[in-house]
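Per chain, numbering begins at 1; letters A, B, ... match sequence-line order.
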Amino acid sequence: MDLKKLSNLQQQLAKQVIIPNEDHRFKSNDLIFSLDIQYKNNIAFVGLDIQTYAGEIIGTYVEKTSVDMEYIPQFFCFREGPPLLEIIQLVQKKLNLNPDLLIVDGHGIAHPRRFGVACWLGVHTNLPVIGCAKRSLLPYQGNLAEKRSSSLPVFLKQEIVGKVLRTQDNVKPVFVSVGNKINLNTAINIILQLSPKYRICEPLRRADHMARVYAKN
DNA sequence: GCGACAG
DNA sequence: ATCTTGTCGC
């Protein structure tokens with residue numbers, strides 16, 4: 001694996017990421033596609049949950065695909081990006097439903113080269129994408145308050161590229177960053193809104209659960 | 001040089 | 001991510 005080449009590719013593609021200054025105003029019927037992957041040997045089970053912005057659950061689906069690259073930290077997008085894109089296009093065609101926002105398990109620009117898997121999906125779909133990860137790739141400083149909705153900035157050099165966000169009182173935080181066509185403030189508000197009860201937001205939990213069930217049969 | 005490192 | 005026992009809590 002030529003990591004030098006992939007590293008250059010990430011830096012090139014990172015230039016295509018668009019981050020607006022204005023908050024995004026979603027409509028009640030806008031569709032949110034949320035994705036997560038479970039692995040069984042070299043087979044990926046991709047879960048895709050569809051709900052409206054208002055909260056109506058449309059359904060959760062799973063597709064089985066092969067995965068052709070190993071997991072390498074910082075190069076995660078090249079492993080998970082293609083399977084994710086595949087199921088999005090498949091479900092889109094099959095159900096004739098078009099997403100207005102994607103939420104993915106992983107980072108957006110909170111990445112050493114500003115190009116996590118959420119960015120990869122962003123430049124390949126031209127859609128708004130939010131990355132929501134369970135661990136950070138970049139350092140942050142300070143003590144995060146224990147109350148829900150507390151947050152601290154995550155820096156790359158001097159720039160804020162993401163936030164550590166507590167989605168529940170006294171529960172480990174998640175790491176939110178944008179992948180494309182949405183700003184951090186909007187992303188944080190949406191993740192909080194979608195996390196009324198648990199650490200991980202509801203649509204990602206459904207996608208994870210569905211993929212997990214299928215991976216065991 | 002060594003270790004750490006999203007899923 | 002996955003491999004694992006018991007255990008705590010709703």
When we call it a touch if two heavy atoms are under 4.0 Å apart, what does [X] touch: a base, just sugar-phosphate, or nothing?
X     : answer
A:K40 : nothing
A:F75 : base
A:Y39 : sugar-phosphate

Contact list for DNA chain B against residues 113-122 of chain A - heavy-atom distance below 4.0 Å |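 Of all residues in residues 113-122 of chain A, the ones placing a heavy atom under 4.0 Å from DNA chain B are A:G116, A:V117.
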Could you give all pairs that pass the side-chain hydrogen bond (donor to acceptor under 3.5 Å, both in side chains) test and reach residues 107-120 of chain A, with sequence neighbours left out?
->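 For residues 107-120 of chain A, and leaving out neighbouring residues, the side-chain hydrogen bond (donor to acceptor under 3.5 Å, both in side chains) pairs sorted by first residue read A:S7-A:R113, A:Q10-A:R113, A:Q74-A:R113, A:R114-A:E159.
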Name all pairs fulfilling the side-chain hydrogen bond (donor to acceptor under 3.5 Å, both in side chains) condition that reach into residues 127-142 of chain A, sequence neighbours left out, sorted by first residue then second.
->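 Only A:D105-A:K134 qualify under side-chain hydrogen bond (donor to acceptor under 3.5 Å, both in side chains).
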Side-chain donor/acceptor of A:D169 to backbone N/O of A:R148, under 3.5 Å =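 Checking the backbone N and O of A:R148 against the side chain of A:D169, a donor-acceptor pair under 3.5 Å is found.
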[X] versus [Y]: any side-chain heavy-atom pair under 4.5 Å?
X      : Y      : value
A:I182 : A:F26  : yes
A:I109 : A:C119 : yes
A:N126 : A:K181 : yes
A:L138 : A:P112 : yes
A:Q51  : A:L194 : yes
A:V178 : A:I130 : no
A:L48  : A:E63  : no

With A:K4, which residues qualify under salt bridge (Lys or Arg N to Asp or Glu O under 4.0 Å), at least two apart?
->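 Once residues adjacent in sequence are excluded, A:K4 has no partner under the salt bridge (Lys or Arg N to Asp or Glu O under 4.0 Å) criterion.
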Rounded to the nearest angstrom, tell me the gap between atom [atom1] in [X] and atom [atom2] in [N].
X      : N     : atom1 : atom2 : result
A:I43  : B:dG7 : CD1   : P     : 22 Å
A:L156 : B:dA6 : CG    : P     : 16 Å
A:R79  : B:dG7 : CZ    : P     : 12 Å

Expected rows: protein N/O vs nucleotides 3-5 of chain B N/O, under 3.5 Å:
none

Which sits closer to the 5' end of DNA chain C, A:D36 or A:K197, going by the nucleotide each is nearest to?
->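 The residue mapped nearer the 5' terminus is A:D36.
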Nucleotide-level pairing of DNA chain C, given in dot-bracket where Watson-Crick and G-U pairs need both distances under 3.5 Å and | marks other strands | ..........
Residue pair A:N183, A:D23: steps toward the side-chain hydrogen bond (donor to acceptor under 3.5 Å, both in side chains) verdict | CA-CA 6 Å; A:N183 67 31; A:D23 287 345; 2.9 Å; yes
Interface limits on DNA chain C, where chain A has a heavy atom under 4.0 Å of a nucleotide atom |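 Taking any atom under 4.0 Å from a heavy atom of chain A, the span is C:dA1 to C:dT2.
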If you look only at pairs with a residue in residues 120-130 of chain A, which of them pass as a salt bridge (Lys or Arg N to Asp or Glu O under 4.0 Å), with sequence neighbours excluded?
->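 Every pair satisfying salt bridge (Lys or Arg N to Asp or Glu O under 4.0 Å) with a residue in residues 120-130 of chain A: there are none.
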Residue pairs involving residues 44-56 of chain A (criterion salt bridge (Lys or Arg N to Asp or Glu O under 4.0 Å); sequence neighbours excluded) =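 Salt bridge (Lys or Arg N to Asp or Glu O under 4.0 Å) check on residues 44-56 of chain A returns A:D49-A:R206.
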Tell me which donor-acceptor pairs under 3.5 Å the side chains of residues 78-90 of chain A have, and how far apart each pair is, sequence neighbours excluded?
{"unit_1": "A:R79", "atom_1": "NE", "unit_2": "A:Y39", "atom_2": "OH", "d": "3.4"}
{"unit_1": "A:R79", "atom_1": "NH1", "unit_2": "A:M69", "atom_2": "O", "d": "2.8"}
{"unit_1": "A:E80", "atom_1": "OE2", "unit_2": "A:Y39", "atom_2": "OH", "d": "2.7"}

Which residue pairs pass the ring-ring contact (aromatic ring centres under 6.0 Å, His included) test when at least one of the two sits in residues 186-217 of chain A, sequence neighbours left out?
->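 Those involving residues 186-217 of chain A do not exist here.
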Consecutive-pair stems (3 or more, Watson-Crick or G-U, under 3.5 Å) for DNA chain B |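 Result, WC/G-U stems under 3.5 Å: none.
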